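One structure is given here, and the rest of the page talks about it.
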Amino acid sequence: MKSNFKLYAHEQELHVRFEPSGQEHIIAAGDYITISVWPLRDERSEDAELTLDRWSEEIVISQDWCLLYVEDSMGMDLCA
């Protein structure tokens, strides 16, 4: 089952890094990205894990047993 959430950069820009790909994006102040999460297999859906860690000036998003699909606030694809 797919889950969605939004990550907002309220008053200042937010640096986001996706692991294990290492791709990076900057969310402008007042903007957001939408992240959709799918478990790799239904029988392992309880093992799907998404972790958000804040390190100084960036958020690191890592996943295990799931796939991510990321869009900016305009609906444009951001590969993760």
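What you see is a predicted model, and the numbers here were worked out from it, not measured in a lab. All heavy atoms count here, side chains included; hydrogens, waters and symmetry mates do not. Position 1 is the first residue of the sequence, and the numbers go up from there.
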task = Please round to the nearest 0.5 Å and tell me the distance separating atom CD of E71 and atom CG of N4.
result = 9.0 Å
request  = Could you please spell out the steps behind the side chain to side chain contact (heavy atoms under 4.5 Å, CB included) verdict for D31 and D72?
outcome  = CA-CA 8 Å; D31 206 359; D72 65 15; 5.6 Å; no
remark   = Taken to the nearest 0.5 Å, the spacing of S62 OG from D53 CG works out to 6.0 Å
task = Report the distance from atom OG of S3 to atom CG of L68, rounding to the nearest 0.5 Å.
result = 11.0 Å
query = For the atom pair CZ (R54) and NE2 (H15), what is the distance rounded to the nearest 0.5 Å?
reply = 10.0 Å
request  = For residues V70 and D77, determine if any side-chain heavy atom of one lies less than 4.5 Å from a side-chain heavy atom of the other.
outcome  = no
T51/I61 under side chain to side chain contact (heavy atoms under 4.5 Å, CB included): CA gap, chis, key distance, verdict = CA-CA 6 Å; T51 306; I61 300 175; over 6 Å; no
inquiry  = Could you check whether any side-chain heavy atom of I33 comes within less than 4.5 Å of a side-chain heavy atom of L78, counting everything from C-beta outward?
reply    = yes
ask   = Applying the 4.5 Å side-chain criterion to the ILVMFWY set and letting contacts propagate, would I59 and I27 be lumped into a single cluster?
value = yes
request  = Report the C-alpha distance between E24 and F18 in whole Å, list the side-chain angles of each, state the deciding distance to 0.1 Å, and finish with yes or no for side chain to side chain contact (heavy atoms under 4.5 Å, CB included).
outcome  = CA-CA 6 Å; E24 298 182 359; F18 294 92; over 6 Å; no
Atom of V37, atom of F5 and distance for their closest heavy-atom approach = CG2-CE2, 4.2 Å
task = Test V16 against I26 for side chain to side chain contact (heavy atoms under 4.5 Å, CB included), laying out the working first.
result = CA-CA 6 Å; V16 179; I26 296 175; over 6 Å; no
inquiry  = Show the nearest heavy-atom pair for residues A9 and A28, with the distance to one decimal.
reply    = CB-O, 3.5 Å
